[in-house]
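First the structure, in the form of structure tokens, and then the observations on it.
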Amino acid sequence: MRQVDVVIIGAGAAGLFCAISAGQRGRKVLLIDHANKAGKKILMSGGGRCNFTNYFIEPDCFLSNNSHFCKSALARYTQWDFIALVEKYQVLYHEKKLGQLFCDNKSKDIQELLLKECEISNVEIHLKTSVENIKYNVNTKLENAKPERNNNKNTPQFILKTSKETVQCESLVIATGALSIPTMGATGFGYQVARQFGLNVLPTRAGLVPFTMPEKWLSDFSELSGTSIDAVVSCNEKSFRENILITHRGLSGPAILQISSYWNLGDEVTINLTPDLELVGWLLQKQRQKPNALLASVLCELFTKKLAQKLVELWFENKPLKQFTPTELQHIAEHLQSWKIKPHGTEGYRTAEVTLGGVDTDAISSKTMEAKSTPGLYFIGEVLDVTGHLGGFNFQWAWASGFVCGEVV
């Protein structure tokens, strides 16, 4: 049986960064993943350009049953720390909008710098390797255990049987991600490990995911598939201002993805299609300026011709503006600025960017990511009940949680 100091299961963003952090301290690290490449989700992220962090990282941009859990790690490894690493490797990047930082070239730039850092830190990476069994024994002293733990008779020992070998380690880190995008190899393995060691796993669901809409809605709007609209989308006292996108399944786009994390089945979503306008006043002004203009032609100043015509066809009467009363114009404005929809559901894990829920953070140390009930066992990244907004927040959580864990394993 081979011995290492640390085994990390999952060679995604969090696992790679934890391996680097631990390896820099001289720890002997084995990083295992069942995929054929390390950092596969990094490669496809951000439309192939990797939205690797955000200028405006704040704890309130993360969802968790314990809203305070993420604060310690995010404060100890910040967006500025990762930006410094990106600049060290001379990776060109830009701010797209709202603080979102993307590579100028390709996501591979981020993957390659992480793999280079792993190489420098002597991290051993085993790909196409599955974990078949994990056993735990707190009563065995490891030859390579950290000095501070060697003094403790209850040094934790994990024995892992993999598809390639059996390995023994002092620290075991679960960085397996969650259920989103199963075609990229996502599984619930991390949750299985948590349950094996008696940790609570909170219910999971797809987050940052497009909405599917009822058949009637689709028949009304399907011909507008591909239409993008700047809007404010609101649900459960949360609002986001970005584009929405009408699709052949329902609604997508950044604002929809953002609000989906706050939506539950049966909830109503409100969409303001003209967030920059005092719309009643605008319509009254147009009525004075163009009394003979049809409503649809006037709304073409705000929307595409196809969208304006469809909205009028579905909701209003297409008559000259002079024929509308002030009350009717008020009704038109209210409908356009408070469009109520009730999604049928979401596209699910198949297209979701993240998974909400996961390993209950009440069972985990926010400073070290160690399971409170199982010394030597750690959980980092998306497997935990911490989910960021769209825009680089989930990568920053991966870097931060991986870093603080790597500092102690």
- Side-chain H-bond candidate by donor/acceptor type, Gln196 with Gln192, under 3.5 Å: no

- Lys305 NZ: over 12 foreign heavy atoms closer than 6.0 Å: no

- Between the CD atom in Gln24 and the SG atom in Cys118, the distance rounded to the nearest 0.5 Å is 9.5 Å

- Over 12 foreign heavy atoms within 6.0 Å of CD, Gln289: yes

- Query: Does NZ in Lys40 sit with more than 12 non-hydrogen atoms of other residues, nucleotides or ligands closer than 6.0 Å?
  - Reply: yes

- From Asp362, Asp385, Asp360, Thr361, residue fulfilling side chain to side chain donor-acceptor pair (under 3.5 Å) relative to Asn200: Asp360

- Message: Under the criterion side-chain hydrogen bond (donor to acceptor under 3.5 Å, both in side chains), I'd like the reasoning laid out for Tyr93 against Glu87: C-alpha separation, chi angles, the key distance, then a yes or no.
- Response: CA-CA 9 Å; Tyr93 65 92; Glu87 291 177 347; 2.6 Å; yes

- Return the orientation label for the His389 and Phe393 ring planes: parallel under 30°, perpendicular over 60°, tilted otherwise. perpendicular

- Item | Thr227 side-chain N/O to Ser225 backbone N/O, donor-acceptor pair under 3.5 Å | no

- Any Lys/Arg nitrogen of Glu170 or Arg27 sitting under 4.0 Å from an Asp/Glu carboxylate oxygen of the other? yes

- Item | Donor-acceptor contact below 3.5 Å, side chain Ser180 vs main chain Val354 | yes

- Between the main-chain N or O of His34 and the side-chain N or O of Ser130, is there a donor-acceptor pair closer than 3.5 Å? no

- Message: Could you check whether Asp230 pairs with Arg241 (Lys NZ or Arg NE/NH1/NH2 to Asp/Glu carboxylate O, under 4.0 Å)?
- Response: yes

- Query: Between Phe221 and Lys310, is there a cation-pi geometry (under 6.0 Å to ring centre, at most 45° from the normal)?
  - Reply: no

- Parallel, tilted or perpendicular: which fits the ring planes of His331 and Phe316, with parallel below 30° and perpendicular above 60°? perpendicular

- Query: Can you tell me if Ser365 uses its side chain to pair, donor with acceptor, with the backbone of Lys367 under 3.5 Å?
  - Reply: yes

- Does Ser222 reach the main-chain N or O of Leu218 with its side chain, forming a donor-acceptor pair under 3.5 Å? yes

- Query: Any salt bridge between Glu407 and Arg76, counting N to O under 4.0 Å?
  - Reply: no

- Task: Verify side-chain contact (heavy atoms from CB on, under 4.5 Å) between Phe240 and Val232, making sure each step is shown before the conclusion.
- Result: CA-CA 5 Å; Phe240 293 95; Val232 171; over 6 Å; no

- If you count the non-hydrogen atoms of other residues, nucleotides and ligands that lie under 6.0 Å from NZ in Lys290, is the total more than 12? no

- Task: Kindly say whether Val359 contributes a backbone atom to a donor-acceptor pair with the side chain of Tyr191 at under 3.5 angstrom?
- Result: no

- Query: Which of these passes side-chain contact (heavy atoms from CB on, under 4.5 Å) with Leu127: Ile32, Leu31, Asn36, Asp33?
  - Reply: Asp33

- Check whether more than 12 heavy atoms from other residues, nucleotides or ligands sit under 6.0 Å from atom NE2 of His344, and answer yes or no. no

- Are side-chain N/O atoms of Glu117 and Tyr89 paired as donor and acceptor at under 3.5 Å? yes

- Message: Would you call the rings of Phe403 and Tyr77 parallel, tilted or perpendicular, taking 30° and 60° as the class edges?
- Response: tilted

- Message: Using a 3.5 Å distance criterion without hydrogens, assess whether the side chain of Ser107 forms a donor-acceptor pair with backbone atoms of Gly48.
- Response: yes

